[in-house]
Amino acid sequence: MKRYFCYMLIGCTFLVTILSFNFLESQGLKDVSSFPIGTAINFDQLKADAKLKKIQIENFNSITAENDMKMYSVKPNEKEYNWDKVDQMIAYAQRNKQRVFGHTLVWHSGTPDWVKEKGRKDTLWLDNFLKEYIFDYVGRYKGKVDGWDVVNEGLETKGGDYRKTLWYDVLGKNYIYKAFRYAHQADPSAKLFYNDFNIERDTLKLRGLLNMVKELKSENVPISGIGFQMHIRMDIPDEVIEYTLKMAAETGLLIHLSEVDIIFNEHDDTRNGGIQNFNELTEEMKIAQAKKYESLVNIYKKVVPKEQQYGITFWDFTDRDTWIKRFFKIKDWPCLFDENLETKPAYYAFKKALQN
Ligand code: 9MR
């Protein structure tokens, strides 16, 4: 009798272990995280690829359009808006209980040529266009888009000066103030972000950003958060990332890691500007990348107070589709999933850090 009882106990323990192991394995990134985990995606590609879609649904509870919500997509010409893909993506997000993040209202690289041509010639027209565009767009998706990158990359690539773009040249830095105010009027409950790159490594640029935020706040401009794109490289020191995130968190604003990926090779921040130092991905490199992903989550949790953690969003999630290869014309392996859409060590390290 006693022996049977022992066997039964061993059997049950075994079963429970197997079941809980399966349960943990079946949980996606979003299920183990205390803040939203998102990804940028090209919606047409997602629709056409069942495997990609499955991974996306299992792991993410926030979605950003990689390009479909940019001005050149939404307003390709003066006569019409193109809402079709945005509507489709929002319906998909709602079906799958995902937060929609709007990227991006005002961005120099997202501005279509027809706006640049007209805007350069006519200040008043550009001023009115900015207002109308934001009211139409943010108003249409009121309550459906949780947050917006209102202004993207308004600072120069290096240092802390305002970027000299159509918007800045014609309207001055006021375009930033106006964009935030219009977006807030159009949807008072949407979270409004300023988003930029290299602010996690370039402390001069970070200082420019923090000065701008201070000015915006002193003028009661409704900014709710700072987006760190966080396109990083293996050799960007964790200490520097920790310092810059901490400084940004001290503003009290939400902090979004909005376009995360971690590359091995270098580039000069311009199209086709990749420098191919590594031709192959070794097992050692995979492990090192896993550690870097783990540290990033740990730093975010450590220095950004819980109520300011808007979430972590990846910019594409597979080494097959990453923008890095297309844009910089190099080979690289920046994502959690490999070229065959299988998980890499980085996936498990990232997940472990979310769980802890
Ligand atoms: O990944 C995007 C790429 O497919 C587009 O061609 C490009 C221009 O619209 O934009 C890329 O996304 C950028 C994002 O919108 C802003 N931060 C930098 C991203 C990578 O270039």
Side-chain angles (χ1 to χ4, degrees), residues 38-49 52 56 60 62-76 82 85-86 89 100-116 137 145 147-158 163 165-167 176 179 192-202 205 209 225-233 236 255-263 265-274 310-330 332-337:
T39 183
I41 197 81
N42 177 331
F43 195 64
D44 280 343
Q45 191 180 16
L46 186 75
K47 271 194 307 191
D49 187 331
L52 197 69
Q56 202 279 335
F60 301 101
S62 179
I63 191 164
T64 304
E66 181 164 352
N67 296 310
D68 299 329
M69 289 181 76
K70 291 173 181 170
M71 195 184 275
Y72 62 68
S73 292
V74 166
K75 191 83 186 160
N82 175 16
K85 280 198 195 154
V86 188
M89 198 188 88
V100 177
F101 188 71
H103 175 85
T104 165
L105 294 174
V106 189
W107 180 35
H108 63 284
S109 285
T111 311
D113 286 345
W114 74 268
V115 172
K116 288 188 194 154
Y137 196 179
V145 172
W148 290 91
D149 280 333
V150 176
V151 175
N152 190 40
E153 301 172 10
L155 297 173
E156 294 287 5
T157 297
K158 288 196 173 77
R163 191 183 280 274
T165 65
L166 161 79
W167 303 98
I176 301 177
L192 306 179
F193 287 78
Y194 173 83
N195 191 51
D196 217 325
F197 64 96
N198 288 5
I199 46 177
E200 78 292 340
R201 72 185 78 164
D202 180 343
K205 188 164 180 176
L209 165 84
I226 299 173
F228 278 70
Q229 293 185 4
M230 208 56 88
H231 294 293
I232 56 175
R233 211 174 49 212
I236 305 298
I255 304 292
H256 184 199
L257 305 191
S258 57
E259 305 186 11
V260 174
D261 41 38
I262 307 183
I263 61 168
N265 290 294
E266 290 174 66
H267 60 73
D268 63 4
D269 290 306
T270 66
R271 197 177 279 277
N272 306 332
Y310 189 70
I312 299 185
T313 298
F314 294 92
W315 208 249
D316 302 315
F317 55 89
T318 78
D319 289 345
R320 185 192 70 185
D321 301 332
T322 173
W323 70 283
I324 296 280
K325 298 202 286 197
R326 282 179 271 132
F327 192 85
F328 297 116
K329 291 270 180 322
I330 42 169
D332 212 300
W333 312 269
C335 302
L336 301 191
F337 291 81

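Just the heavy atoms: all of them, side chains too, but no hydrogens, waters or symmetry mates, feed the values below. Both counts, for ligands and for their atoms, begin at 1 and track the order of listing.
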### Query
Looking only at N/O atoms, are Y72 and ligand 1 under 3.5 Å apart anywhere?
yes

### Message
Can you classify the ring geometry of F60 versus F317 as parallel (below 30°), tilted (30 to 60°) or perpendicular (above 60°)?
### Response
tilted

### Message
Do N195 and S258 pair up side chain to side chain, a donor and an acceptor below 3.5 Å, judged on atom types alone?
### Response
yes

### Query
What is the closest protein heavy atom to atom 21 (O) of ligand 1, and at what distance does it sit?
W323 CZ3, 3.2 Å

### Message
Test side-chain contact (heavy atoms from CB on, under 4.5 Å) on I63 and Q56; report intermediate values, then the result.
### Response
CA-CA 9 Å; I63 191 164; Q56 202 279 335; 3.8 Å; yes

### Query
Strictly under 4.0 Å, does any heavy atom of F197 approach an atom of ligand 1?
no

### Query
Taking it one step at a time, do R320 and L52 satisfy side-chain contact (heavy atoms from CB on, under 4.5 Å)?
CA-CA 11 Å; R320 185 192 70 185; L52 197 69; 3.9 Å; yes

### Message
Pairs of nitrogen or oxygen atoms closer than 3.5 Å, one from R271 and one from ligand 1: do any exist?
### Response
no

### Task
Give yes if a backbone or side-chain nitrogen or oxygen of N152 is under 3.5 Å from a nitrogen or oxygen of ligand 1, and no if not.
no

### Query
What's the shortest distance from atom 1 (O) of ligand 1 to any protein heavy atom, and which residue and atom give it?
E66 OE2, 2.5 Å

### atom 10 (O) of ligand 1 [closest protein heavy-atom partner, distance rounded to 0.1 Å]
K70 NZ, 2.9 Å

### Task
Identify, by atom number and element, the atoms of ligand 1 in contact range of R326, meaning under 4.0 Å from any of its heavy atoms.
4 (O)

### Message
Assess the residue pair D316 and R326 against the criterion (salt bridge (Lys or Arg N to Asp or Glu O under 4.0 Å)); give the C-alpha distance rounded to whole Å, side-chain angles, the decisive distance to 0.1 Å, and a yes or no.
### Response
CA-CA 12 Å; D316 302 315; R326 282 179 271 132; 3.6 Å; yes

### Query
Which of the numbered atoms in ligand 1 are below 4.0 angstrom from a heavy atom of E153?
16 (C), 17 (N), 18 (C)

### Query
Which one of D261, D316, N67 has a non-hydrogen atom at the shortest distance from atom 5 (C) of ligand 1?
N67

### Query
Any side-chain donor paired with an acceptor under 3.5 Å for W323 and D261?
yes

### Task
Measure from the side-chain N and O atoms of K205 to the backbone N and O of F197, and report whether any donor-acceptor pair falls under 3.5 Å.
yes

### Task
Do me a favour and list the nearest non-hydrogen protein atom to atom 14 (C) of ligand 1 with residue, atom name and distance?
H103 NE2, 3.4 Å

### Message
Apply ring pair (Phe, Tyr, Trp, His ring centres under 6.0 Å) to residues H267 and F327 and explain how you reach the verdict.
### Response
CA-CA 10 Å; H267 60 73; F327 192 85; 8.2 Å; no

### Query
So which heavy atom in the protein is nearest atom 19 (C) of ligand 1, and how far is it from that ligand atom?
E259 OE1, 3.4 Å

